[in-house]
Amino acid sequence: MKNIPTFVIFTLFAFLTASCQESEKSNLTLLSEEVPTDTPLIFGEGVISMGDTMDFAITFSPEMDEIYFTRRAPGERNNIFTSKLVNGGWTVPKIAFLSSEETWEFEPHISPKGDRLYFGSSRPINDSIKSPGLIQWYSQKKDNGWSEPIPMLKPKAPTYMMYLTSSESGNLYFTSEEEGGNPEDGGIYYSNFEDGDYGDIQRMREEINSGKMIAHSYIALDESYMIFDGEKPSGFGDSDLYISFNKDGIWTKAYNLGQSINTAQTEMAPSVSPDGKYLFFHRGFEIQGENGDSEWLGNIYWVDFRTVKETIERNISSN
């Protein structure tokens, strides 16, 4: 190296650095001016995250060229919005085809294979007038887009079923509660997909379901970890994000994602990009509306998930 001029070494280093950064880019970086590292940033500010609405629960197609998320403006109902990557740019988000005019639709999730788009809805089934309550619906992927929404009648949760996410094996994880239970005591349930059908609903154990308002679980594609939100003594605010690891079929205790992620505000509704690079979540706060009712505002944030996960695993190993 001593015979190579300094400017050549510097140029080579700059080239390799730029190449590395370029390889790190994904379609999602087109929506934000800055790409986060270990500090969360607002995702798609002014496009996905508006600031004067509640934006949350984002999901991506496996190719990361299609986005669905929930938006609620003050005084209005939840709607699912979508944006697509077209000719190297993202379209302006618009209300998705699956949203109805009178009921609430929210918390979409695209399956790891990209063949199903799940979402929660209170719409009536078929031509009935009465709503069945909050259940999951799905659209099937077709060559020309998505099918009309279909009610998912199996598996059936104890009461409602919301924020469903699925693993590569087809196992489902979601939020629900027991009949007659207190909403604060709800929790995370699952149903395994075996022999072409779903098994009985099961409640996850206390490693996950301890504390209050345990909800909104994101399951890793290979089920090696789960991220969810809830209120625990170790928290920093109303609701924090936690992670539990699956060790040979046994879930570890839940670890707080730390002060770089969690704040005095509410953090909830996590998801991870299909390439495993970025963690997305909602951060928001409550305000008083003009009519005296409370309203919720907040944005979708993103952060380098690999850094967050490695830090937690390193801390676990050292302790």
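FYI, the numbering just counts along the sequence from 1.
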Electrostatic pair [X]:[Y] at N-O distance under 4.0 angstrom:
{"X": "R72", "Y": "D55", "result": "no"}
{"X": "R283", "Y": "E267", "result": "yes"}
{"X": "K142", "Y": "E148", "result": "no"}
{"X": "D304", "Y": "R306", "result": "yes"}

Is there side-chain contact between [X] and [Y], with heavy atoms separated by less than 4.5 Å?
{"X": "T252", "Y": "K247", "value": "yes"}
{"X": "I201", "Y": "P158", "value": "yes"}
{"X": "I300", "Y": "I42", "value": "no"}
{"X": "Y255", "Y": "I316", "value": "yes"}
{"X": "L297", "Y": "M54", "value": "no"}
{"X": "I80", "Y": "L98", "value": "yes"}

Please evaluate residues S99 and E105 with respect to the criterion side-chain hydrogen bond (donor to acceptor under 3.5 Å, both in side chains), reporting the C-alpha separation (whole Å), side-chain torsions for both, the decisive distance (0.1 Å), and the verdict. CA-CA 6 Å; S99 286; E105 277 72 43; 4.6 Å; no
Over 60° means perpendicular and under 30° means parallel, so classify the ring planes of H282 and F56, tilted if in between.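 Rings of F56 and H282: perpendicular, as their planes differ by over 60°.
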Can you tell me how the ring of F97 sits relative to the ring of Y68, calling it parallel under 30°, perpendicular over 60° and tilted otherwise? perpendicular
To the closest 0.5 Å, what do you measure between [atom1] ([X]) and [atom2] ([Y])?
{"X": "S239", "Y": "N262", "atom1": "OG", "atom2": "CG", "value": "8.0 Å"}
{"X": "T103", "Y": "F106", "atom1": "OG1", "atom2": "CZ", "value": "10.0 Å"}
{"X": "R314", "Y": "K309", "atom1": "CZ", "atom2": "NZ", "value": "12.0 Å"}
{"X": "L279", "Y": "L257", "atom1": "CG", "atom2": "CG", "value": "6.5 Å"}
{"X": "N209", "Y": "E177", "atom1": "CG", "atom2": "CD", "value": "12.0 Å"}
{"X": "Y160", "Y": "T175", "atom1": "OH", "atom2": "OG1", "value": "6.5 Å"}

Verdict with reasoning, V272 to I227, per side-chain contact (heavy atoms from CB on, under 4.5 Å): CA-CA 9 Å; V272 175; I227 308 171; 4.0 Å; yes
Between K253, K232, R205, which is the residue that forms a side-chain hydrogen bond (donor to acceptor under 3.5 Å, both in side chains) with S210?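 Checked K253, K232, R205 against S210; only one passes side-chain hydrogen bond (donor to acceptor under 3.5 Å, both in side chains): K232.
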Quick check with a 6.0 Å cut-off and a 45 degree axis cone: is K84 positioned over the face of W90's six-membered ring?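 Checked: cation-pi criterion not met.
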Stacked cation flag R123 on W137, 6.0 angstrom / 45 deg: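 The answer is yes; both the distance and angle limits are met.
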Under the ring-ring contact (aromatic ring centres under 6.0 Å, His included) test, which residues partner F280, sequence neighbours left out?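 Once residues adjacent in sequence are excluded, the partners of F280 under the ring-ring contact (aromatic ring centres under 6.0 Å, His included) criterion are F43, F60, W302.
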If you apply the rule side-chain hydrogen bond (donor to acceptor under 3.5 Å, both in side chains), what do you find for T82 with E66, and how did you get there? CA-CA 7 Å; T82 184; E66 194 170 4; 4.7 Å; no
Report the C-alpha distance between E45 and N299 in whole Å, list the side-chain angles of each, state the deciding distance to 0.1 Å, and finish with yes or no for side-chain hydrogen bond (donor to acceptor under 3.5 Å, both in side chains). CA-CA 8 Å; E45 190 168 10; N299 297 305; over 6 Å; no
Answer with yes or no after comparing the ring centroid distance for F228 and H216 against a 6.0 Å cut-off, counting only values under it. no
So, F305 versus Y278, ring centres under 6.0 angstrom or not?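 Centroid separation for F305 and Y278: 6.0 Å or greater.
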For the pair E207 and S244, evaluate side-chain hydrogen bond (donor to acceptor under 3.5 Å, both in side chains) and give the outcome as yes or no after the intermediate values. CA-CA 8 Å; E207 291 84 1; S244 175; over 6 Å; no
More than 12 heavy atoms of other residues, nucleotides or ligands under 6.0 Å from CG of D200: yes or no?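 Counting other residues, nucleotides and ligands, CG of D200 stays at 12 neighbours or fewer.
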Go through the steps for E313 and I243 under the test side-chain contact (heavy atoms from CB on, under 4.5 Å), then give the verdict. CA-CA 10 Å; E313 290 178 320; I243 188 169; over 6 Å; no
